[in-house]
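Just so you know, ligand 1 is whichever comes first in the structure, and atom 1 is the first atom listed for that ligand. Given the structure is predicted, the values throughout are model-derived calculations rather than measurements. Scope of the values below: all heavy atoms of this structure, side chains included, with no hydrogens, waters or symmetry mates. Residue numbers count from 1 along this sequence.
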Amino acid sequence: MLRCYQVAEFGKPLALSEKPLPQPKGREVLVRVEKCGVCHSDLHIWEGFFDLGGGKRVVAANGGAALPLTLGHEITGTVAATGPDATTVKAGQRKLVFPWIGCGTCPPCRDGNEHLCGGAQKSLGIFIDGGYASHVLVPDESYLLDIGSLDPALAATYACSGLTAYSALRKIGPLKPDHSLLIVGAGGVGLNGVALAKAMTGIAPIVADLDPAKREMALQLGAKEAIDPRADGALKTLLKATDGVMAAIDFAGSNSSFDFAYGALRKAGHLVTVGLLGGTATLPIGLHVMKSVRVSGSYVGSLVELKELLALAQQTALPPLPITAAPLGAAYESLVKLKAGQVVGRIVLEA
Ligand SMILES: [Zn+2]
Ligand SMILES: [Zn+2]
């Protein structure tokens with residue numbers, strides 16, 4: 001039987017459901033879930049709406065997928081069964097699942113950006129059933145990646161929080177030794193960003209977060225400094241100490257986090273916005289021009305980027321993101337904890 005914890009009604013406790021194991025067809029693969037991370041996007045989908053800021057709400061990231069839906073898109077597991085046309089994976093192999101599955105035919109999909117699909121999306125745990133379950137049916141074997149000797153719980157977090165941080169840092173690229181990098185927001189994704197920053201940009205980041213526990217964790221993961229953005233004169237002090245940062249990543253995405261990160265940029269600086277807290281920004285166009293700054297959005301990442309991240313994680317000793325294990329049966333309680341902001345690092349469910 002397949003056991004899963006599903007959103008049956010938005011905002012209500014997840015419902016345990018049992019159904020017969022699906023039989024993989026074509027190149028589909030049935031994966032026995034070992035680990036599944038609990039992510040902030042799960043919260044948006046569970047609540048059923050996404051806050052755009054300014055009082056505007058839209059239906060969650062999945063455009064209101066039909067319920068019931070099994071959440072969970074940070075999945076590692078072992079191959080349980082393969083469809084008749086699957087040739088590259090074998091039963092028993094441990095794999096990380098790339099969850100950002102697109103239609104395969106729309107313009108972004110044709111460019112290899114399935115995570116930006118504008119067609120009939122099949123992202124696991126977002127549009128179709130995901131990993132808060134004993135098993136997950138993956139639509140194609142090409143979405144299953146080797147994790148080598150990586151810890152399966154840590155590797156699971158690479159499918160979303162790690163990939164999101166990786167893709168944002170990749171947009172920044174290598175920095176010079178005298179440049180500064182600012183990371184705003186040290187939740188699960190932001191901390192993965194802190195852990196990856198040195199290896200990817202050459203610079204230990206300055207981290208801004210409201211929560212002292214998250215600032216402390218950021219320092220442990222290699223941040224050069226961790227500051228409270230709400231402290232008196234925090235932005236002024238930062239500007240004075242750095243002459244403005246060359247790059248900033250806003251992992252929160254609120255009005256205040258955006259303003260702080262944007263305000264910290266030096267001339268020709270680059271802000272990558274990642275967080276989905278739902279703020280609205282007003283840009284001073286003249287200043288934007290005079291400072292020649294850039295603002296880019298970055299949403300999760302591509303299959304190629306996830307492969308690159310797995311290679312990087314195996315070649316480089318990255319500081320490990322703190323992980324709290326929880327049984328699959330505690331999926332709902334884990335969501336509630338995350339909503340309350342009580343999670344430092346990542347909760348990873350064990351199926
Ligand atoms: Zn996620
Ligand atoms: Zn598509």
With rounding to 10 degrees, what does the angle C117:SG / the Zn ion (ligand 2) / C103:SG come to?
100°

Answer yes when K339 and D42 have at least one side-chain N-carboxylate O distance shorter than 4.0 Å, and no when they do not.
no

Between Y166 and the options K171, E305, E308, the side chain to side chain donor-acceptor pair (under 3.5 Å) test singles out E308

Report, rounded to 10°, the angle at the Zn ion (ligand 1) between the two atoms SG (C160) and SG (C39).
130°

Donor-acceptor pair, distance only, cut-off 3.5 Å: does the side chain of Q121 make one with the backbone of C117?
yes

One thing to verify: whether R346 and E74 come together as a salt bridge, which I'm taking to mean a side-chain N less than 4.0 angstrom from a carboxylate O.
yes

Metal check, the Zn ion (ligand 1) vs H73 N/O/S, cut-off below 2.8 Å
yes

